[in-house]
Amino acid sequence: MALKVYNSLTRRKEEFRPLHEGRVGMYVCGPTVYSDVHLGNIRTFVSFDVIYRYLLHLGYKVRYVRNITDVGHLEGDADTDAEDKISKRARLEQLEPMEIVQRYMNGFHEMMHRFNNLDPNIEPRATGHIIEQIQMVQDILDNGYAYVVNGSVYFDTKKFQDEKGVYGQLSGRNLEELMQESRDNLKNQQEKRHPADFAIWIKAAPEHLMRWPSPWSVGFPGWHLECSTMSTKYLGHTFDIHGGGNDLKFPHHENEIAQNIGACGQAPAKYWLHANMLLMNGKKMSKSDGNTITARQLFTGDSPHISKPYSAMVIRYFMLMAHYRSTLDISDRALQAAEKGYQKMMNYLRLLDEMQPAQFAAEATPAGEAIRRLIRETHEGMDDDFNTAVAIAKMHELGSYINKLHARQLDFSQITAETWDELKTLFRAFIGDVFGLRSEQEQADRDEQALETLMDIILQLRQKARAQKDWETSDKIRDALAKINIRIKDSKDGSTWERIA
RNA sequence: GGCGACGUGGCCGAGUGGCUAGGCACGGCUCUGCAAAAGCUGGUACAGCGGUUCGAGUCCGCUCGUCGCCUCCA
């Protein structure tokens, strides 16, 4: 069965056919790094990570681009008295905007790794592509789909719609209605010709920290522009998959499409994929009414919403239990169920590796056929718009066979060697490569290994200091390590270390 | 107000008009020194009403309810 994906643009499942045989270009809207990454964000990135992983599993050569928004994302009344999210945070904390960006970008990366998301192939930043963005604004102006007012440049939505007729296609919106409705909250929008127009270059107010020279003013790019520019730069005018959270459909993605077509006449992506929201208590998480929980709180268990800590892998598994286009309601009970399910799943894999079968069946058997059918259905689940819920369900059914084989309730003479191999191959590939699940023990082992490597290096450096009678450095290292419960023991033969309880 | 999505057994959650989704929790049984794990097994769900159909959780309509987007949001 061929891979099918649900295309938000056509509102249908379509057979996936990449533009270039064997290759896939995928762009996913990344975070604006002005605060800690929120759990809902994490769900979206986990969803697209699995999509990326599955495409790789199918043998595609994928270029996965996920941006970092570090300028231009406004909050408040758009286009006028609005403030850039990063600038605002910088002002409040009295830091350089780039310090804010660096801090939260680091935190974002750490969290992505903790959830075992693969790194994208390219992670471009908006501030690193100002020149390209200015060029795109110029292209749009040259094509007549934008106009300059007082140093700011606005996209001419009405003209674009009159000539191209595609504005609103993705989000199912009618431009006429949009213009009507926005008339009520028109305040401070005198610069725009039409309420639905949006800024692509914004003249910076004197106190605005992030600013670049351009032909129109010293200013900064509009938020929607960066994705248009960077996807074009790294994936071409038209590429295969564009992803993001459901709430970005409008206006962000709608405007992105308008900009791309306005600049070069081509729509950016063939397939638009949108991940649904993560809910808590049946509602979208929101910081303002306390209906929120952070990943860190889940790890520590420090939240009134949960009874105990949950690991990143359990949370990842929990997310995979639902389809990415469905809303998912997080709760303590659901997480507990996920934890059990996750442990069970990892146990199947362990049993598969441990068992040493002898005496296979020579030819097809009913049990073997049932197993092979389930294996096929697992693949079909993923082929059907990345339905991880179905794939996991089928694997649990297969897991039951694995348990039976292990408990000798089903004998290896009931399946063929080939079936056994397929079963092993499936579990290894799906749990690790596709779902990106790893055992927490494995993680701990890896940390332990890293610690040993680090300690080797530290002891070598300290040994060098001691050889030079640099007692200050050597003692400093020993004292610092003692504080984190690592004891150094010096002897004639050199130094060793151990943990103290 | 406009656009859209959804309402599945105690909980989470799949579901292409006809065949047991799955996980968790709960009950019974097997195994077991005890426990756990595992296996077998049980409750017979699709918001309500009407329609289409030989047949609907799945299609259509209405009602009720929930949620999202429409301003920044993954």
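Convention: sequence-line order gives letters A, B, ...; per-chain numbering from 1.
Under the side-chain contact (heavy atoms from CB on, under 4.5 Å) criterion, A/N246 pairs with A/K249, A/H274, A/N276, A/M277, sequence neighbours left out. Remark: A/Q161 pairs with no residue by the side-chain hydrogen bond (donor to acceptor under 3.5 Å, both in side chains) rule, at least two apart or across chains. Remark: A/F16 engages A/Y60, A/Y271 in a ring-ring contact (aromatic ring centres under 6.0 Å, His included) (not counting sequence neighbours). Annotation: ring-ring contact (aromatic ring centres under 6.0 Å, His included) contacts of A/F155 (sequence neighbours excluded): A/F160, A/F198. Residues forming a side-chain hydrogen bond (donor to acceptor under 3.5 Å, both in side chains) with A/T327 (at least two apart in sequence, or on another chain): none.
Contact annotation: A/N246 does not reach the phosphate of B/G68 (side-chain N/O to OP1 or OP2, under 4.0 Å). When the side-chain nitrogen and oxygen atoms of A/S400 are compared with OP1 and OP2 of B/G39, one or more of them lie within a distance under 4.0 Å. When the side-chain nitrogen and oxygen atoms of A/K283 are compared with OP1 and OP2 of B/C67, one or more of them lie within a distance under 4.0 Å. An OP1 or OP2 oxygen of B/C40 is reached within less than 4.0 angstrom by a side-chain nitrogen or oxygen of A/K404.
Nucleotides B/U58 and B/G17 place their P atoms 11 Å apart, quoted to the nearest Å. Rounded to the nearest Å, the gap between the C1' atom of B/U8 and that of B/A56 is 14 Å. Taking the P atoms as reference points, B/G61 lies 32 Å from B/G22, given to the whole Å. Rounded to whole Å, the C1' atom of B/C72 lies 24 Å from the corresponding atom of B/U66. B/G65 and B/G23 are spaced 27 Å apart, taking the C1' atom of each and rounding to whole Å. Going from the C1' atom of B/G4 to that of B/U44 covers 34 Å, rounded to whole Å. Comparing B/C64 with B/U71, their P atoms are spaced 27 Å from each other, to the whole Å. On the C1' atoms, B/U20 is 13 Å away from B/G15, given to the nearest whole Å.
The CG-P distance, from A/L9 to B/G4, rounds to 16 Å in whole Å. The nearest whole Å value for the distance from the OH atom in A/Y167 to the P atom in B/C70 is 12 Å. Regarding A/W272, its CH2 atom lies at a distance of 15 Å from the P atom of B/A74, rounded to whole Å. Following rounding to the nearest Å, A/M112 (CE) and B/A74 (P) show an atom-to-atom distance of 12 Å. Nucleotide B/A74 holds its P atom 17 Å from the CZ atom of A/F250, rounded to whole Å. One atom, NE2 of A/H252, and another, P of B/U71, lie 16 Å apart when rounded to the nearest Å. Counting to the nearest Å, the P atom of B/G68 and the CG atom of A/L278 are 13 Å from each other. Rounded to whole angstrom, the span from the CG atom of A/D36 across to the P atom of B/A74 amounts to 13 Å.
Looking at which nucleotide of RNA chain B each of A/R11 and A/L279 is closest to, the 5′-most match is held by A/R11. The residue among A/K249 and A/M277 whose nearest nucleotide of RNA chain B lies closer to the 5′ end is A/K249.
A centroid separation of less than 6.0 Å is found between the aromatic rings of A/F412 and A/W420.
In plain terms, the two heavy atoms of A/T416 and A/A364 that are nearest each other are CG2-N, 4.1 Å. Minimum heavy-atom separation, A/Q414 to A/A367: O-CB, 4.1 Å. Considering all non-hydrogen atoms of both residues, A/M355 and A/L405 come closest at SD-C, 4.1 Å.
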Which atom pairs link the protein and nucleotides 30-33 of chain B when you take only N or O atoms and keep those under 3.5 Å?
none

Can you give me the N/O atom pairs linking the protein to nucleotides 56-59 of chain B at distances under 3.5 Å, or say none if there are none?
none

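Counting non-hydrogen atoms under 4.0 angstrom, A/G244 reaches the backbone sugars and phosphates but no base. No contact: A/S47 has no heavy atom under 4.0 Å from any strand.
Within residues 96-106 of chain A, no residue is approached by RNA chain B to less than 4.0 Å at the level of any non-hydrogen atom.
A/K270 NZ: more than 12 foreign heavy atoms inside a 6.0 Å radius. Around CD of A/Q359, the count of heavy atoms belonging to other residues, nucleotides or ligands within 6.0 Å does not exceed 12.
Counting only N and O atoms by type, the side chains of A/Q336 and A/D332 include a donor and acceptor under 3.5 Å apart. Judged purely by distance below 3.5 Å, without hydrogens or angles, the side chains of A/T294 and A/D36 never pair a donor atom with an acceptor atom. Side chains of A/S152 and A/N150: a donor-acceptor N/O pair is absent below 3.5 angstrom, by distance only. Of the N and O atoms on the side chains of A/H109 and A/E123, at least one donor lies less than 3.5 Å from an acceptor on the other residue.
Secondary-structure annotation of RNA chain B gives the stems B:1-7 with B:64-70, B:10-12 with B:22-24, B:26-30 with B:38-42, B:47-51 with B:59-63, with a stem taken as at least 3 successive Watson-Crick or G-U pairs whose two distances both fall under 3.5 Å.
Ring geometry, A/F250 versus A/Y167: the interplanar angle exceeds 60°, so the pair is classed perpendicular (tilted spans 30 to 60°).
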Checklist entry - Reading nucleotides 9-24 of chain B from the 5' end, what letters show protein touch, with B for base, S for backbone sugar-phosphate only, - for no heavy atom under 4.0 Å? => result -BSSSSS-----BBBS

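In this structure, the nucleotide among B/C69, B/C72, B/A38 sitting nearest to the side chain of A/D247 is B/C69.
Within the structure, no pair that satisfies the ring-ring contact (aromatic ring centres under 6.0 Å, His included) test touches residues 311-336 of chain A, not counting sequence neighbours.
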Atom pairs and distances, donor-acceptor, side-chain atoms in residues 424-431 of chain A, under 3.5 Å, two or more places apart:
{"residue": "A/T425", "atom": "OG1", "partner": "A/D421", "partner atom": "O", "Å": "2.7"}
{"residue": "A/R428", "atom": "NE", "partner": "A/D353", "partner atom": "OD1", "Å": "3.1"}
{"residue": "A/R428", "atom": "NH2", "partner": "A/D353", "partner atom": "OD1", "Å": "2.6"}

